[in-house]
Amino acid sequence: LLLGHITQNFPGSFCSNECSIVLQSSNSLKASYEDWLLTYGLSVSPFHMRWQTALFNRQFYSWGRWKPRFLYLWFNIGMVFGIVAMFGSVILLGKTLMQTLTQMLTEAPKAQNDRMLQVVVSVLSSEWFVFVPLGFLLCFVLLSCPHQQVPGVNLPVSQLTYFFSAILISGVIHEVGHGVAAIREQVRFNGFGIFIFIVYPGAFVDLFTTHLQLISPVQQLRIFCAGVWHNFVLGVASFMVLFLLPAILFPFYYTGVGALVTDIAEDSPANGPRGLFVGDLVTNLQDCPVYSVENWNSCLGDISAKSQVGYCVSAATLQQLSFPARVYRRLDGTVECCSNNSLTDICFSYSNNLDSHLHACLPARKVIEASKVCRTNMDCQKDLVPSFCVTPSLENQTRLIRVKHPPHIDMLYVGHPMHLQYTVSLSSFVPRQNFLSIDLPVVIETFCKYLISLSGALAVINAVPCFALDGQWILNSFLEATLSSLIVEKQNREFVGFLILLAGSALLAANVALGLWMVTAR
């Protein structure tokens with residue numbers, strides 16, 4: 001617009017002196033901006049921002065020269081692990097692909113409890129590394145279970161901090177492994193950096209490529225395998241912290257007494273004056289004892305899988321509480337005998353010696369409180385008082401669950417068990433003192449689980465012989481170290497490596513595509 005305005009005022013000339021001054025000023029500003037970015041090691045482009053520095057070079061060199069014999073053994077173990085992981089990842093992805101295809105082709109898909117590896121989010125790409133064109137891998141290894149959250153698909157906003165922090169730490173540890181191994185092998189280390197691609201953080205190291213190409217294939221393997229090796233070690237360390245957390249926090253928290261409620265969703269059916277509250281300690285679900293969050297989840301799973309339990313009610317109480325009601329069938333075939341407007345009464349079914357299809361509308365709390373659970377009338381005949389096993393007549397998949405959280409009155413929950421599971425957050429750790437946070441153990445647990453998942457995924461998937469991943473360079477160095485005597489011509493070895501990389505890339509791409517499809521289709 002400025003150029004158009006100037007040329008209109010000065011016809012016959014393309015650019016006046018004023019225009020030249022504006023262009024020179026613009027070029028000067030651009031050069032100053034680029035110099036400023038270069039001074040601070042910043043690089044900005046669409047969807048991508050990178051920061052590189054030499055501030056940590058001395059620390060990296062200190063690590064790389066610390067206890068040479070130990071580092072030699074450490075990175076040799078890492079080299080073996082990287083090679084095994086490369087072959088193992090191919091087998092794992094092949095098995096996963098077959099399972100996914102089988103599940104897609106069968107009319108009745110497998111239950112969600114079947115454990116299947118699903119690569120949910122994959123490679124983000126490419127050219128940011130001077131060391132190698134290794135794209136930062138964002139993937140999540142999901143061992144399917146009914147209550148598992150999937151980042152990018154059904155991950156709550158409250159979990160984003162854990163997710164991105166675990167990604168960044170996994171990436172930093174990965175690149176520290178490459179950098180220290182390179183210094184150990186006398187490869188010049190130029191710098192370390194962090195980048196953000198769209199919203200995903202990552203890390204990289206800058207190594208002198210010429211030095212990297214001059215060392216032996218075994219030395220290269222130690223460097224290339226160091227990243228996945230360090231991710232594996234980080235995952236194991238996180239698992240150990242998670243496993244030993246009760247012992248670590250024992251002076252401040254105790255466990256094994258129940259599941260402590262830490263949060264309840266606003267729309268949770270457990271909300272209300274007779275529901276659960278933050279700080280409540282759940283000890284039982286029906287007749288299933290709850291000592292930890294794992295017990296809570298397993299009890300709800302059993303309740304969901306099995307038919308509704310009944311409650312023992314004496315014949316006299318049944319006659320006293322029941323009142324005449326019209327019986328009708330719902331659309332799903334179940335029976336209803338109470339008014340739809342009732343918030344306290346539930347239709348119960350039972351049988352006696354003469355009729356096996358009797359129904360009574362009863363006040364739920366009076367029937368259930370102080371009653372033991374049962375499956376048949378025989379379970380209620382231990383006393384001399386004649387009793388019946390009355391079972392709530394509810395819609396399919398709906399359950400009536402008695403939740404004990406002393407000293408409060410029992411909560412009676414009517415609904416799908418999984419809704420209770422998803423909307424109530426619990427912890428197995430109970431503070432010994434009131435001033436201790438009930439959220440701290442949950443934060444540590446959750447973060448460790450994300451580190452295990454994401455760091456483990458980076459170790460496994462990044463070892464796949466695929467273009468732009470560590471597996472590409474691991475494979476090339478492995479072929480140079482093992483096939484140089486069998487395949488003399490370097491071009492032939494490179495062609496064999498290219499074919500393997502092509503197959504590995506196709507295998508990973510197929511798993512990513514089908515994994516995303518399976519998750520979104522659910």
Criterion side-chain contact (heavy atoms from CB on, under 4.5 Å) on E336 and V327, from CA distance to verdict | CA-CA 6 Å; E336 177 60 86; V327 176; over 6 Å; no

Got a sec: does the CG of N434 have more than 12 other heavy atoms crowding it under 6.0 Å?
-> no

Mind checking whether Y254 and L249 have side chains closer than 4.5 Å, heavy atoms only?
-> no

Count the heavy atoms of every other residue, nucleotide or ligand shown that sit under 6.0 Å from CZ of F277, and state whether that count exceeds 12.
-> yes

First locate atom CZ of F224, then atom CD1 of I83, and finally report the distance between them rounded to the nearest 0.5 Å.
-> 12.5 Å

On a heavy-atom basis, the closest approach of I264 and V278 is CD1-N, 4.3 Å

Side chain to side chain donor-acceptor pair (under 3.5 Å) assessment of N231 paired with S455 = CA-CA 5 Å; N231 278 129; S455 190; 3.2 Å; yes

Could you give me the CA-CA distance, side-chain angles and deciding distance for C338 and C347, then say whether disulfide (SG to SG under 2.5 Å) is met?
-> CA-CA 6 Å; C338 291; C347 182; 5.3 Å; no

H416 NE2 to E395 CD distance, which is reported to the nearest 0.5 Å | 12.0 Å

Backbone N/O of D379 and side chain of K372: donor-acceptor pair under 3.5 Å | yes

Taking every heavy atom of V228 against every heavy atom of G82, the minimum-distance pair comes out as CG2-CA, 4.1 Å

Over-ring placement of R402 relative to Y311, 6.0 Å and 45° cut-offs | no

Would you indicate whether F239, at its atom CZ, is surrounded by more than 12 heavy atoms from other residues, nucleotides or ligands within a distance under 6.0 Å?
-> no

Between E445 and Y450, does a side chain to side chain donor-acceptor pair (under 3.5 Å) hold up when you go through it step by step?
-> CA-CA 9 Å; E445 274 187 316; Y450 271 94; over 6 Å; no

Kindly determine whether V414 and R399 satisfy side-chain contact (heavy atoms from CB on, under 4.5 Å), including the steps that lead there.
-> CA-CA 6 Å; V414 178; R399 298 289 185 270; over 6 Å; no

Hey, can you tell me if F195 and H48 have their rings parallel, tilted or perpendicular (30° and 60° cut-offs)?
-> perpendicular

Would you call the rings of H230 and W74 parallel, tilted or perpendicular, where under 30° means parallel and over 60° means perpendicular?
-> perpendicular

Can you name the nearest heavy-atom pair linking A247 to P251, along with the distance?
-> O-CD, 4.1 Å

Ignoring hydrogens and geometry, is there a side-chain-to-backbone donor-acceptor pair from S453 to K449 under 3.5 Å?
-> yes

Separation of S314 OG from Q320 CD (nearest 0.5 Å) | 8.5 Å

Is there side-chain contact between V367 and V390, with at least one heavy-atom pair below 4.5 Å?
-> yes

Heavy atoms of P392 and V309 approach each other most closely as CD-O, 3.5 Å

Minimum heavy-atom distance between I444 and L245, given as atom pair plus value | CG2-CD1, 3.8 Å

Looking only at atom types and distance, does a side-chain atom of Q103 sit under 3.5 Å from a main-chain N or O of Q99, one as donor and one as acceptor?
-> no

Is a side-chain N or O of T102 found less than 3.5 angstrom from the main chain of M98, in a donor-acceptor match?
-> yes

Stepwise side chain to side chain donor-acceptor pair (under 3.5 Å) check, H405 with D410 | CA-CA 6 Å; H405 55 124; D410 294 351; over 6 Å; no

Would you call the rings of Y200 and F163 parallel, tilted or perpendicular if under 30° counts as parallel and over 60° as perpendicular?
-> perpendicular

Please step through side chain to side chain donor-acceptor pair (under 3.5 Å) for the pair E266 and N271, ending with a clear verdict.
-> CA-CA 7 Å; E266 292 183 2; N271 257 330; over 6 Å; no

Would you confirm whether S428, through its side chain, and V293, through its main-chain N or O, come within 3.5 Å as a donor-acceptor pair?
-> yes

Flag, side chain of R432 to backbone of F250, donor-acceptor distance under 3.5 Å = yes

Ignoring hydrogens and angles, tell me if any N or O in the side chain of D302 forms a donor-acceptor pair with the backbone of C299 under 3.5 Å.
-> no

Assess whether atom CZ of R274 is packed by more than 12 heavy atoms of other residues, nucleotides or ligands within 6.0 Å.
-> no

Would you please classify the geometry between the W229 ring and the F232 ring as parallel, tilted or perpendicular, with 30° and 60° separating the classes?
-> parallel

Roughly how far, to the nearest 0.5 Å, is the CG atom of L101 from the OG1 atom of T96?
-> 10.5 Å

Is the C312 SG less than 2.5 Å from the C389 SG?
-> no

Q472 vs C466, side-chain contact (heavy atoms from CB on, under 4.5 Å): CA-CA, chis, key distance, verdict | CA-CA 5 Å; Q472 175 182 357; C466 171; over 6 Å; no

Do R50 side-chain atoms and F204 backbone N/O form a donor-acceptor pair below 3.5 Å?
-> no

Is there a donor-acceptor pair closer than 3.5 Å between any side-chain N or O of Y422 and the backbone N or O of S425?
-> no

Check whether any side-chain N or O of R375 sits under 3.5 Å from a backbone N or O of S307 as a donor-acceptor pair, and report yes or no.
-> yes

Measure across V442 and S427 and return the closest heavy-atom pair with its distance rounded to 0.1 Å.
-> CG2-CB, 3.5 Å

Could you walk me through whether T391 and Y350 pass the side-chain contact (heavy atoms from CB on, under 4.5 Å) test, one step at a time?
-> CA-CA 6 Å; T391 304; Y350 65 100; over 6 Å; no

